[in-house]
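So you know, we letter chains A, B, ... as the sequences are listed, proteins then strands, and number each from 1.
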Amino acid sequence: MSSEFDVDPSLISTVSQFFSKKSGHEVVVQAEAEGLLRDLWQATEELGLPLVGVDEEAGGNGGTLLDILTIVKLAAQNAVPLPIAETHLAAWLLARSGQKVSEGPSTIVPGSPRDTLALRAGVLSGIAYDVPWARHVDRIVALVPDETGSNQVVEFSPASCVVTPGTDLAGQARDKIELPDVAVTSAASTISAEQLNERGALVRAAQIAGGLEAVSNLTRNYVGERVQFGRPVGKFQAVQQHVVVLAQMATMTELSVTRAGRAAATRPASFEVYATKLVANENARIAVRAAHQAHGAIGMTQEYRLQQLTRRLHAWRSEFGTEVQLALRLGAAVAEAGTFARIATDDNNHLEV
Amino acid sequence: MQLEATELTADELALQREVREFLDKRLEPGTYELGLGMTGATDPDFSRDLGARGWLGMALSSTYGGHDRTAVERLIVVEELLARGAPVSYHWIADRQSGPSIQKWGTEEQRQKYLPGIASGELSFAIGMSEPDSGSDLASLRTKAEPTEGGWVINGTKIWTTGALTATHILALFRTSEHKHEGLTQFIVDRNSPGLTISPIPFIDGSREFCELSFENVFIPDSERLGDIGTGWAQNTGELVLERGGVDRWMSAVTILEHWAADPAIRDNPLALADLGSLAAKEWAFHGLSLSIARMVDEGKSPVTEAALVKEMATRYEQDCVEAVLRHWDRAPDLTSDDPHEALLARALLVSPSWSIRGGTNEILRTIISKGLASA
Ligand SMILES: Cc1cc2nc3c(=O)[nH]c(=O)nc-3n(C[C@H](O)[C@H](O)[C@H](O)COP(=O)(O)OP(=O)(O)OC[C@H]3O[C@@H](n4cnc5c(N)ncnc54)[C@H](O)[C@@H]3O)c2cc1C
C-alpha cells in the first residue's frame, strides 16, 4: 500500500549512489585523521541533504521526517563521516523555536546528566559533555534552562567555547565544551529536553539501521568469496547462521525505524521511538558479534571496511538511550498500563514512556 | 531484504474493535482454559461461534462459504484470539492452512464439499506429513498411495500429527511414485476411514494432541486427491508463507506476559521491568514484521524467505519470553497448580522447546533463508 510517507525512490537512489561514491574506505580513514572533510560536506550540502526535514519557511529544504531518516540511514550505510544527523537535530530544534536555520555543519548538545549549561540574563555558562563534532562545526545548538527554569534554545560558535577534544569509538569528534559567560541570543523552546532526546533516539536508530544493512551485505558478500576447505565459507551452515542473523537484525531494525518514523510524524510516539532505539541497540550488539565472527581476522583490521561500520554501531548504541535505560523506561510504562498484548495488537497503544 | 511499513486502515481498525467486543463477552476471563498461542484448547462450540461471526475461512471465497477477506484482516482476528489464549485448536489448521490449500488446488467438488464446513467451524483438519523416518527430510517419506479401482490404497505411518484425535479430516502427503519430490501427492483423508488407526503420543506436558496414524490398506477415493498426481511437494512449499510468517510464531507466550505485566510486584523490581521493557519492544517489532508480510500476501507477493526469516527469530523470542518470566520466579512453577497462570507457565516451560521445531526446525529455516538471500 502506498502512503503519504513513502520516500521518493529517485531520492533514495541518488543519495545512495552519491554516498557510496563519496564515502569509500579511504575517505573515512582520512576523516578519522583530519576531522570534518569540508569538501565532502560542501558536496552533501549542494544536494541539499542536511536540511531536509526542516520547513522551508525556517530556511530548511522541506520534506518529511521519513525523508531525513532515509538520508541519515543511507549515510550510515556508507559510514559517511559527516554530522548530518547532528545538523538535522540542531536545525530542527532551531526551526521549532521559530528561529531561522542556515547552512554549514552544526551540532547539538545531546544533554548528559553531568551537563551544567545554564542561561542567566542572556549569558550562557557551564559545561556540556560528549558533544559530537563540536570542534569542527560552524555552530552548536543547545536546549538550556533559563533562570525561571523554562527551556531556551541557544546557538553559539565553538570558537566561543573552551573545547576539550575527545573521540567516540568510531574516531569521530566527541568533545567537552566549556562556556565562560558567553552572551547569546535565545528563543523560548516549544521542545522539551525529552522530545529532543526522543528525536535523537529516532535519528540514531535510523543510523543503526543503515549500519546494520551495510554490515549484513558486506558479510554476505565476504563469505561468498572467502574460500577455505575448498569452498566458500558461506557454504558452511555454521557460517550461514551468522548471515541469517545479520539479515534478521537488519530487516527488523529497518522496519521498526520506518514504523516509528511514521508514527512520530503523526502523533505522540514515545513508545514506538524508544522501542525502536532499544531494538536497534540490541540488534546492533548481536550483529556486530556475528559479522566479526563470520569475517575472521580480516574484519579486525583497520584496513578493512567492517570496523568503520561496527565502531559506528557501538557509538550510536551508546547515545540517546542505552539498553538498560530504555528497557527500564519501557518496562515501567508497560507495567503501569498493565497490559502486554495491546502493544502488539494496537497500532497506537497510547503508552507514554 | 526490506519489508514495507504499513498501518491498519480505518476499516481494519473497525474490524479489530468488533472482534474485541465479541471476545470480551464470549471469553470472559476465568471461563475458559487459557492456551499458549495456536495450541489453545479444543472447543468446537467456540470455533462454530467464530465461524458464525465470519471469522473463520476469512480469506476463502464467498462462493464456498468464505468471506473474501484479506490476510491482514485474518491477522487482526488471530491476534485478538491469541492475545487471549483463546481455545483455537479445533479450527486452527483448517483455517490457517487446509482451507486455503483446498481452495487453491482442489476441484470444484472438493471446494464445495469442504470449504463451507471449514468456514463455519464444523470441520477440523490435521496435517499428515511427518513420518518416523522423515522429519526435516520430508521428501524422503515412504507412506504409499497405490492406485486401485476408483482410488488409492494407503499403507504406512504418519507421526506427530497434531490434533488428529479430534480432527474430522487429515490433509496428508503420500508417496505416489519413486521420484523424490515429484512422487508426492496430497490427499484429503476422512478421519473415520476404515483401516486408519489414530493413537495419541503423550506430549511432554501430559497433553494428548500429538498422534500417530497407522494406515492399513486404507482406501481413498480418487475424488479426494488434491491437485495433479505428483504436485504435493509444490503445493506444500506454496503454503509455507501462511504457515510461517504469521503472528502465531511470536504470540505463544503472550498470555503469560499479559499476566506478568499486570502483576503489581514487578513495579518496584528494576530487573523485571527491564526484562519486560525489552520484550515489549520486540513484541512491537514482530507485530510490524507479520503485518508487513500479510500485506505483501494481499498484494499478491509470495514472501517465502521473509516468512522463514521472521519465524526463525520469532520462535526464539517466544522462548525468551518464557525464560524472562521464569527468571523472576523463586521456584519452579507447578503444572498442577490451582492457579491457572502458574500451571500455564509450567506448561510453557516444558513445551517451549517445541516452538522452534514445529513447522520446520530453525536449522532448516536458516538454510532456506540463506538460499533465499543468496538468490535475491
Ligand atoms: C509440537 C509439534 C507439532 C507438530 N505437528 C505436526 C503435525 O501436525 N503434522 C506433521 O506432519 N508434523 C508435525 N510435527 C513434526 C515437525 O514437522 C518435525 O518435528 C520437524 O519437521 C522436524 O523433524 P524431526 O522432529 O524428525 O527432526 P529431525 O529432522 O530428525 O531433526 C533432528 C535435528 O537435526 C537437525 N537437522 C536435520 N536435518 C538437518 C540439516 N539438513 N541441516 C541442519 N540441521 C538438520 C534438526 O534441525 C534438528 O535439530 C510437529 C512437531 C512438533 C514439535
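With respect to the salt-bridge test (charged N to carboxylate O, under 4.0 angstrom), the residues Glu80(B) and Arg20(B) qualify. Between Glu254(A) and Lys73(A) there is a salt bridge, since at least one side-chain N of the basic residue sits less than 4.0 Å from a carboxylate O of the acidic one. Glu323(A) has a carboxylate O that lies under 4.0 Å from a charged side-chain N of Arg317(A), or vice versa, which qualifies the two as a salt bridge. Between Arg74(B) and Asp298(B), none of the side-chain N atoms (NZ, or NE/NH1/NH2) sits under 4.0 Å from a carboxylate O, so this pair counts as no salt bridge. Between Arg366(B) and Glu312(B) there is a salt bridge, since a side-chain N of the basic residue sits under 4.0 Å from a carboxylate O of the acidic one. Between Lys25(B) and Glu21(B), none of the side-chain N atoms (NZ, or NE/NH1/NH2) sits under 4.0 Å from a carboxylate O, so this pair counts as no salt bridge.
If you take CE on Met58(B) and CG on Asp95(B), they are separated by 8.5 Å, rounding to the nearest 0.5 Å. Rounding to the nearest 0.5 Å places CH2 of Trp55(B) at 9.0 Å from CG of Leu81(B). Atom-to-atom distance recorded for Glu323(B):CD and Glu318(B):CD is 12.0 Å, nearest 0.5 angstrom. Here the straight-line distance linking atom CG of Leu373(B) with atom CD1 of Ile368(B) works out to 12.0 Å at 0.5 Å rounding. Taking CG of Leu218(A) as the start and CD of Gln77(A) as the end, the distance is 12.0 Å to the nearest 0.5 Å. Note: Glu258(B) CD to Phe340(A) CZ = 8.5 Å, rounded to the nearest 0.5 Å.
For chain B, the nearby parts of Arg259(A) are the backbone and the side chain; heavy atoms of each come within less than 4.5 Å. Contact annotation for Gln248(A): both backbone and side-chain heavy atoms come within less than 4.5 Å of a heavy atom of chain B. Interface residue Ala260(A): backbone and side-chain heavy atoms are both found under 4.5 Å from chain B. Proximity to chain A (any heavy atom under 4.5 Å) is shown, for Glu306(B), by neither the backbone nor the side chain. Contact annotation for Asn217(A): neither backbone nor side-chain heavy atoms come within less than 4.5 Å of a heavy atom of chain B. No part of Ala250(A) comes within reach of chain B, as not one of its non-hydrogen atoms sits under 4.5 angstrom from that chain. With a 4.5 Å cut-off on non-hydrogen atoms, Glu282(A) touches chain B through its side chain but not through its backbone. Using a 4.5 Å cut-off between heavy atoms, Ile266(B) contacts chain A through its side chain alone, with no backbone atom that close. For Arg17(B), no part lies under 4.5 angstrom from a heavy atom of chain A. With a 4.5 angstrom heavy-atom cutoff, Tyr274(A) does not touch chain B via any of its atoms. With a 4.5 Å cut-off on non-hydrogen atoms, Gln241(A) touches chain B through its backbone and its side chain both. With a threshold of 4.5 angstrom between heavy atoms, Ser292(B) approaches chain A through side-chain atoms but not through N, CA, C or O. Of the atoms belonging to Ile343(A), heavy atoms from both backbone and side chain fall under 4.5 Å from chain B.
Checked by atom type and distance alone, the side chain of Thr219(A) pairs as donor or acceptor with a backbone atom of Val215(A) at under 3.5 Å.
In terms of non-hydrogen atom pairs under 4.5 Å with chain B, the most contact-rich of Glu272(A), Arg220(A), Arg329(A) is Glu272(A). When each of Ile369(B), Leu309(B), Val254(B) is scored by its heavy-atom pairs under 4.5 Å with chain A, the top score falls to Leu309(B). The candidate with the highest count of non-hydrogen atom pairs below 4.5 Å against chain B, out of Val324(A), Asp346(A), Asn349(A), Val245(A), is Asp346(A). With respect to chain B, the highest number of heavy-atom pairs below 4.5 Å among Leu328(A), Asn283(A), Thr253(A), Leu255(A) belongs to Leu255(A).
Here Trp260(B) and His328(B) bring their ring centres to under 6.0 angstrom of each other.
Using modelled atom types and a 3.5 Å distance limit, the side chains of Gln16(B) and Thr345(A) yield no donor-acceptor pair. For the residue pair Gln319(B) and Ser356(B), a side-chain donor N or O sits within less than 3.5 Å of a side-chain acceptor on the partner.
Heavy-atom proximity under 4.5 angstrom to chain A picks out nothing from residues 27-35 of chain B. Contacts from residues 273-281 of chain B to chain A, taken as heavy-atom pairs separated by less than 4.5 Å, involve Leu273(B), Ala274(B), Leu276(B), Gly277(B), Ser278(B), Leu279(B), Ala280(B), Ala281(B) in sequence order.
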